[in-house]
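Read through the structure below, which is laid out as structure tokens, and then see the notes.
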Amino acid sequence: MNQERHFTLLPDAFYQYPTLQLAEELLGCILVKQTEEGTSSGFIVETEAYLGNADRAAHGFKRRTKRTEILYAEAGLTYTHLIHNHCLINVVTAEKEVPESVLIRAVEPYTGIDQMLARRPVKKFQNLTSGPGKLSQALDINMGDYGRSLQEPPLFIAEGKKPEKIKTGPRIGIENSGEAKDYPYRFWAAGNKFVSK
DNA sequence: TTATTGATCCCCT
DNA sequence: GGGGATCAATAAT
């Protein structure tokens with residue numbers, strides 16, 4: 001009920017980083033979602049960068065539509081992508097007209113874990129948020145969050161702890177993206193159990 | 001056996 | 001061509 005934790009929102013300047021750097025910086029930050037039941041949050045432990053104009057794997061790759069419109073907006077917004085009955089959450093990055101974003105693939109539960117478990121009953125704790133579809137369900141992120149700013153409640157990102165070790169590697173699920181599939185645009189906290197893989 | 005996630009297929013604007 | 005839905009493969013219980 002009472003949310004005694006104090007979250008410090010990321011400074012506006014944070015979102016001005018280049019996408020790749022931001023993807024890395026985002027690790028360890030806290031993704032917070034406030035609902036009627038209370039506040040749920042988790043450390044971001046896995047991200048993927050999508051550079052729209054030079055990246056075939058990105059939705060924004062020469063595909064400006066209603067759905068990807070938000071990718072062309074300014075940084076610091078939420079881009080929720082509904083796919084196979086699950087919701088993936090992206091952080092829009094880069095300046096206006098540049099369709100770049102950072103996909104949040106996994107988080108580590110931090111606060112409001114009871115609520116997350118209520119929304120998403122799991123046996124294994126580490127299975128609660130160890131995947132893009134899982135974390136959005138646990139945090140109650142849905143299409144209603146599309147285009148929402150990440151710099152104000154009910155959905156925002158706060159400062160957190162920086163992982164000791166960060167690893168990078170090729171992204172997941174982009175087999176038909178030509179040479180882009182080998183780009184090391186995936187970042188994760190080394191050794192973290194909540195990383196999906 | 002069920003849940004999650006990636007890939008493919010089909011229908012719509 | 002894009003978006004949504006469906007199908008199938010993989011991992012968790």
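What you see is a predicted model, and the numbers here were worked out from it, not measured in a lab. Side-chain atoms are counted along with the backbone in the values below, which use heavy atoms only and exclude waters and symmetry mates. First the proteins, then the strands, lettered A, B, ... as listed; each starts at 1.
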Handout entry: Interatomic distance where NE2 belongs to A:H86 and P belongs to C:dA5 [whole Å]
Key = 13 Å

Practice task
Side chain of A:R67 only, please: which of B:dT5, B:dT4, C:dG3 is the nearest?
Solution key: C:dG3

Problem - Cation-pi, A:Y72 ring and A:K96 (6.0 angstrom, 45 degrees) - result: no

Exercise for the section: Name all residues meeting the ring-ring contact (aromatic ring centres under 6.0 Å, His included) criterion together with A:Y17; count only those two or more places apart in sequence or in a different chain, and write none if there are none. Expected result: A:F14

Exercise for the section: For atom CD of A:E95, decide whether the heavy atoms of other residues, nucleotides or ligands shown that lie under 6.0 angstrom number more than 12. Expected result: no

Practice task
Validate the cation-pi geometry between A:R171 and A:Y50: distance from NZ or CZ to the six-membered ring centre under 6.0 Å, angle to the ring axis within 45°.
Solution key: yes

Practice task
Check whether any side-chain heavy atom of A:V32 sits under 4.5 Å from a side-chain heavy atom of A:I157, and report yes or no.
Solution key: no

Practice task
Heavy atoms under 4.0 Å is the rule here; annotate nucleotides 8-13 of chain C 5' to 3' with B where the base is hit, S where only the sugar-phosphate is, and - elsewhere.
Solution key: ----SS

Problem - For atom NZ of A:K66 and atom P of C:dG3, their distance in whole Å - result: 10 Å

Exercise for the section: Select one nucleotide: of B:dT4, C:dG2, B:dG6, the one nearest the side-chain heavy atoms of A:Q137. Expected result: B:dT4

Problem - Distance below 4.0 Å between A:R105 side-chain N/O and B:dT5 OP1 or OP2 - result: no

Problem - Protein-nucleotide distance (A:L82, atom CG; B:dT4, atom P), rounded to Å - result: 15 Å

Practice task
Establish, with yes or no, whether the OP1 or OP2 oxygen of C:dG3 is under 4.0 angstrom from a side-chain nitrogen or oxygen of A:T65.
Solution key: yes

Completion exercise
Residue pairs passing the salt bridge (Lys or Arg N to Asp or Glu O under 4.0 Å) test with at least one member in residues 8-32 of chain A, sequence neighbours excluded, are A:E25-A:K162

